[in-house]
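Structure, as structure tokens:
In what follows, every heavy atom counts, from backbone to side chain, and hydrogens, waters and symmetry copies are set aside.
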Amino acid sequence: MRYDLVIFDNDGVLVDSEPISNRLLAAYLTELGHPTSYEDSIRHYMGSAMHRVHDLVVEQTGQRLPVDFDDVFHARVFAAFERELKPVAGVEEVLRKLAADSVPYCVASSGSHERIRVGHRTTGLDRWFDEERIFSSEDVGRGKPAPDLFLYAAERMGVAPERCVVVEDSPLGVRAAIAAGMDVYGFTAMTPAERLAGAGRLFSDMKELTELLTSGRRS
């Protein structure tokens, strides 16, 4: 293994949650009088913490979302997760290989701790992630694209940023990883490759990741 720590994004990388959450976010914003398509949600909000949704709505409309917006949205998302959520195809094989090779890994997500845990419990990925491997934007002052979350995860895991690689599927996450001084591999299963152009490597099938991790370090 070429890295001392593999940092996974969660939504869209570990759990196949982006179609669910962006569908529900678009519907809820539209319901509240802010017409938003599924494509709009993917373009503007994918990979971001909830505070970014609030900030962009204020910026674009001058109106604030209801104070219970996050609670209502998450209740809808968690209910849908129970019915629909699956792990990203092939990711368990990647995690199994990392564990077998004793390679440190963790998750650093814009989502809340509760969202991460619900998703992992629903999909069975919780057996791969104990509490010491889970980091959320709730743990830092600024979410992606700021580097804070990735730097915090690396510090807690005891690894220098330059020895880390981040696996991301959002432009915001790619920017955050680069700002943190880390290598980043862009997962293009849902995101057009050109939107992840800053990533050092791009891949569209999780089966490719193990080989990339063992062969693809910058000099």
Q: Taking atom types as modelled, find out whether R115 and S109 have a side-chain donor-acceptor pair closer than 3.5 angstrom.
A: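 There is no such pair (donor and acceptor under 3.5 Å, judged by atom type) between the side chains of R115 and S109.
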Roughly how far, to the nearest 0.5 Å, is the [atom2] atom of [Y] from the [atom1] atom of [X]?
X: D183; Y: I7; atom1: CG; atom2: CD1; answer: 11.0 Å
X: L209; Y: L98; atom1: CG; atom2: CG; answer: 7.5 Å
X: Y45; Y: L29; atom1: OH; atom2: CG; answer: 5.5 Å
X: H51; Y: R142; atom1: NE2; atom2: CZ; answer: 9.5 Å
X: S21; Y: I42; atom1: OG; atom2: CD1; answer: 7.0 Å
X: R195; Y: L202; atom1: CZ; atom2: CG; answer: 13.5 Å

Please tell me if the side chains of [X] and [Y] come closer than 4.5 Å, counting only heavy atoms from C-beta onward.
X: V184; Y: F150; result: no
X: Q60; Y: H34; result: no
X: F8; Y: L95; result: yes
X: D169; Y: M46; result: yes

Would you name the heavy atoms of [X] and [Y] that are closest together and state the gap between them?
X: G143; Y: S137; value: CA-CB, 4.2 Å
X: A146; Y: A176; value: O-CB, 3.4 Å
X: S41; Y: N22; value: OG-OD1, 2.7 Å
X: G12; Y: S17; value: N-OG, 3.8 Å
X: S170; Y: G173; value: OG-N, 3.0 Å
X: W128; Y: G124; value: CD1-O, 4.4 Å

Is there a donor-acceptor contact under 3.5 Å from the side chain of [X] to the main chain of [Y]?
X: D101; Y: V103; value: no
X: T30; Y: T36; value: yes
X: R163; Y: Y3; value: no
X: T188; Y: F203; value: yes

With the 4.5 Å side-chain cut-off for hydrophobic clustering, are [X] and [Y] part of the same group?
X: I134; Y: V6; answer: yes
X: V53; Y: L24; answer: yes
X: I178; Y: L172; answer: no
X: L25; Y: V118; answer: yes
X: V72; Y: V58; answer: no

Q | Heavy atoms of other groups near R96 CZ, more than 12 under 6.0 Å | A | yes
(Q) Taking CD in E155 as the centre, count heavy atoms belonging to other residues, nucleotides or ligands within less than 6.0 Å. Is the count above 12? (A)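 Atom CD in E155 is not crowded, with 12 or fewer foreign heavy atoms closer than 6.0 Å.
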Below 4.0 angstrom, N of the basic side chain to O of the carboxylate: do [X] and [Y] qualify?
X: D9; Y: K144; answer: yes
X: K86; Y: D16; answer: no
X: D55; Y: R52; answer: no
X: E211; Y: R201; answer: no
X: R117; Y: E131; answer: yes

Q: Assess whether side chain to side chain contact (heavy atoms under 4.5 Å, CB included) is satisfied between H120 and L14, documenting all intermediate values.
A: CA-CA 9 Å; H120 287 190; L14 296 175; 3.9 Å; yes
(Q) Using the rule given for side chain to side chain contact (heavy atoms under 4.5 Å, CB included), can you reason through V57 versus F69, listing the C-alpha separation, both sets of side-chain angles and the distance that settles it, and then say yes or no? (A) CA-CA 12 Å; V57 168; F69 179 86; over 6 Å; no
Q: Evaluate the ring planes of F129 and Y105, with Trp represented by its six-membered ring, and classify them as parallel (under 30°), tilted (30 to 60°) or perpendicular (over 60°).
A: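 Ring orientation of F129 relative to Y105: perpendicular.
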Q: If the plane angle is over 60° it's perpendicular, under 30° parallel, otherwise tilted; pick one for F78 and F81.
A: tilted
Q) Taking the six-membered ring of Y28, is the NZ or CZ of R76 close enough (under 6.0 Å from the centre) and on axis enough (within 45°)? A) yes
Q: Would you sort out whether L213 and R2 count as a side chain to side chain contact (heavy atoms under 4.5 Å, CB included), showing the intermediate values?
A: CA-CA 6 Å; L213 291 174; R2 303 285 183 167; over 6 Å; no
Q | From CA spacing to verdict: side chain to side chain contact (heavy atoms under 4.5 Å, CB included), L5, M182 | A | CA-CA 10 Å; L5 177 64; M182 301 176 180; over 6 Å; no
Q) side chain to side chain contact (heavy atoms under 4.5 Å, CB included) with E18: which of V13, V88, T191, D11? A)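 With E18 as partner, side chain to side chain contact (heavy atoms under 4.5 Å, CB included) holds for just one option, D11.
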